[in-house]
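Index from 1, following the sequence. As the structure lists them, so they are numbered: ligands from 1, and atoms in each ligand from 1. As a basis for the values below, the full set of heavy atoms in this structure was taken, side chains included, without hydrogen atoms, waters or symmetry mates.
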Amino acid sequence: MVSRVIPVQPFDLVIFGATGDLARRKILPGLYRRMVAGQMPTGARIIGAARSSLTTKAFREMVREALDTFVGTSEIDEEIAAAFLTALDYVAIDATGEGGWAELGKKLDKGDNAVRAFYLSVGPSLFGPIAERLQSTGIATSTSRIVVEKPLGHDLESAKALNAQLAESFDERQIYRIDHYLGKETVQNLMAVRFANSLFEPLWNARHVDHVQITVSEDIGVGGRGGYYDKSGAMRDMVQNHLMQLLCLTAMEPPAQFDADRVRDEKLKVIRSLEPVDPDDTVRGQYRAGPDGPSYKEDAENPDSRTESYVALKACISNWRWTGTPFYLRTGKRLRARMSEIAVVFKEPPHSIFPKLPPHQTNALIIRLQPNEGITLRMTIKEPGPGGMRLADVPLDMSFAEALGPSAEAMPDAYERLIMDVIRGDQTLFMRGDEVEAAWAWADKILDDWEEERDIPRPYDAGGSGPEDALRLMHRDGRRWREIEG
Ligand code: NAP
């Protein structure tokens, strides 16, 4: 199977925070890879902006270093890299000052057809000042796009304030809120599997689905960014955004069409149908020191920290499709392996004609985001060979690497895909303001309950599968978590 590259219109992309970690690690290497794939049109320009006073030459050298580090020297095509660097420009701007904006304005294409996009790869306190200056200087046009990324607020109130600041200068149809999980191939495949096949839809409801498990586990700790993380925690950093988006895509009704507003309307309905979570249905944890590293408190440099590096919770959706089917979410740092997956676990057959056989697994559809992106259907079959009827659980595997061959390797990563969607003007895989606010309203109640109860995170072993209480959360419902394995 050959993946098709659909060229995009010529564009000017201004990256605010172009000297920062996100720009060097993800955005610029991603744009380079799109050029390798042949998706960058002639005339596309990328303009870096930050406070550092750099010449364009020095900026290009910095980007070249970033490509060597994050794409890999051996993977770089020198001719394409040279063309890529030529497309780069730089302007020194302090987002909160008045200098540099006129120079930026002069650098932008004045043609009517060129797409103009502004990627705000800076802290959220700068979103408002940048949006306001882009508008007041006339640099932003009515068709320009602005891209922002998490943290999109710290709670409902701050998220509303951010949305209001952006809305003063840009229409909602111009605002692209990135959740890079939505750019992942398998996440989109979840929608394809659900809505382009007739097989699953009749089963996709509380009559047939026992429960859903969504796991995003990381094997690394918060070392290096412990100070930032300690103000946030797993609930704000992961659950309110990434896990919530995965829950929405799993649970939503089929949209009437695959377009931005219809998809986002359906996701919003899911969030609004979530019941408030009972504090007894949540577990918070903090990793202990292990052979591979210090404890969470040491990483956070805060011996009194009550911030969670792990969350598990049971979420219930009150609607016709899902009442009675819990969605268990868990995410944490310093766990056994790096693994993200959605497991839709089906109910047992209503009557077993093999009563003497030991219990076996029920059917499950597993959508794996990382590693080894792919979809697996767990089935029970007869164990091959003589010796009577013995049952075995086997996976029906669709590994993208195998099914798609070399084109799977050429698949754009989430950032590449999402940036190209911005240029194309397709908001389907971006969060709308009301979605973000609804997700915060749900998360705030949980955060408030923890605060009120002065909840202390349970310690858990580094390299394990999380606190004991998280296992109990499942056991008391007669269920168990799937193994965390890379
Ligand atoms: P970073 O490494 O600290 O970079 C911040 C960038 O902003 C630098 O280029 C900095 O350059 C520029 N900057 C700071 N103050 C500025 C100002 N007043 N005017 C203009 N430019 C200014 O941060 P980052 O890790 O790249 O993250 C950027 C944003 O993305 C943050 O909000 C972060 O939470 C979010 N994010 C990051 C990641 C990631 O993987 N890194 C992932 C998801 C979300 P100068 O100092 O030269 O001005």
With heavy atoms of Gly123 as the reference, note each atom of ligand 1 found under 4.0 Å away. 32 (O)
If you take the nearest heavy atom of each of Val122, Ile178, Leu126, which one is closest to atom 31 (C) of ligand 1? Val122
Under 3.5 Å, is there a donor-acceptor pair linking the side chains of Asp155 and Ser158? yes
Would Gln286 and Ser309 count as having a side-chain donor-acceptor pair, cut-off 3.5 Å? no
Arg25 heavy atoms, cut-off 4.0 Å: which ligand 1 atoms fall inside? 39 (C), 40 (O), 41 (N)
Please check if any side-chain donor atom of Gln370 sits under 3.5 Å from a side-chain acceptor atom of Ser340, or the reverse. yes
Is it true that the side chains of Glu149 and Tyr415 contain a donor and an acceptor less than 3.5 Å apart? yes
How far is atom 23 (O) of ligand 1 from its nearest protein heavy atom, and which residue and atom name does that atom have? Asp21 N, 4.4 Å
Number the atoms of ligand 1 from 1 as they appear, then name those within less than 4.0 Å of a heavy atom of Gly20, with their elements. 2 (O), 4 (O), 8 (C), 9 (O), 26 (O)
Please determine if Arg334 forms a cation-pi arrangement with Tyr287, meaning its NZ or CZ atom is less than 6.0 Å from the six-membered ring centre and no more than 45° off the ring axis. yes
Location of contacts on Glu149 toward ligand 1, heavy atoms closer than 4.0 Å: side chain
Proximity flag Lys26 to ligand 1, non-hydrogen atoms under 4.0 Å: no
Closest to atom 48 (O) of ligand 1 (heavy atoms only, candidates Arg51, His180, Arg24) is Arg51
Between Tyr460 and Tyr310, is the gap from one ring center to the other below 6.0 Å? yes
Among all the protein's heavy atoms, is there at least one whose distance to atom 3 (O) of ligand 1 comes out below 4.0 Å? no
With respect to Ala23, determine whether any N or O atom, backbone or side chain, lies less than 3.5 Å from an N or O atom of ligand 1. no
Counting from 1, what ligand 1 atoms have a heavy atom of Ile93 closer than 4.0 Å? 19 (N), 20 (C)
I need the atoms of ligand 1 closer than 4.0 Å to a non-hydrogen atom of Lys150, numbered in the order shown. 34 (O), 35 (C), 36 (N), 44 (C)
Taking only heavy atoms of Asp94, which atoms of ligand 1 are found under 4.0 Å from at least one of them? 17 (C), 18 (N), 19 (N)
Using only atom types and a distance under 3.5 Å, with no angle test, would you say the side chain of Arg284 pairs donor to acceptor with the backbone of Arg306? yes
Using only atom types and a distance under 3.5 Å, with no angle test, would you say the side chain of Arg116 pairs donor to acceptor with the backbone of Phe11? no
Could you say whether the N/O atoms of Pro124 and ligand 1 ever approach to under 3.5 Å? no
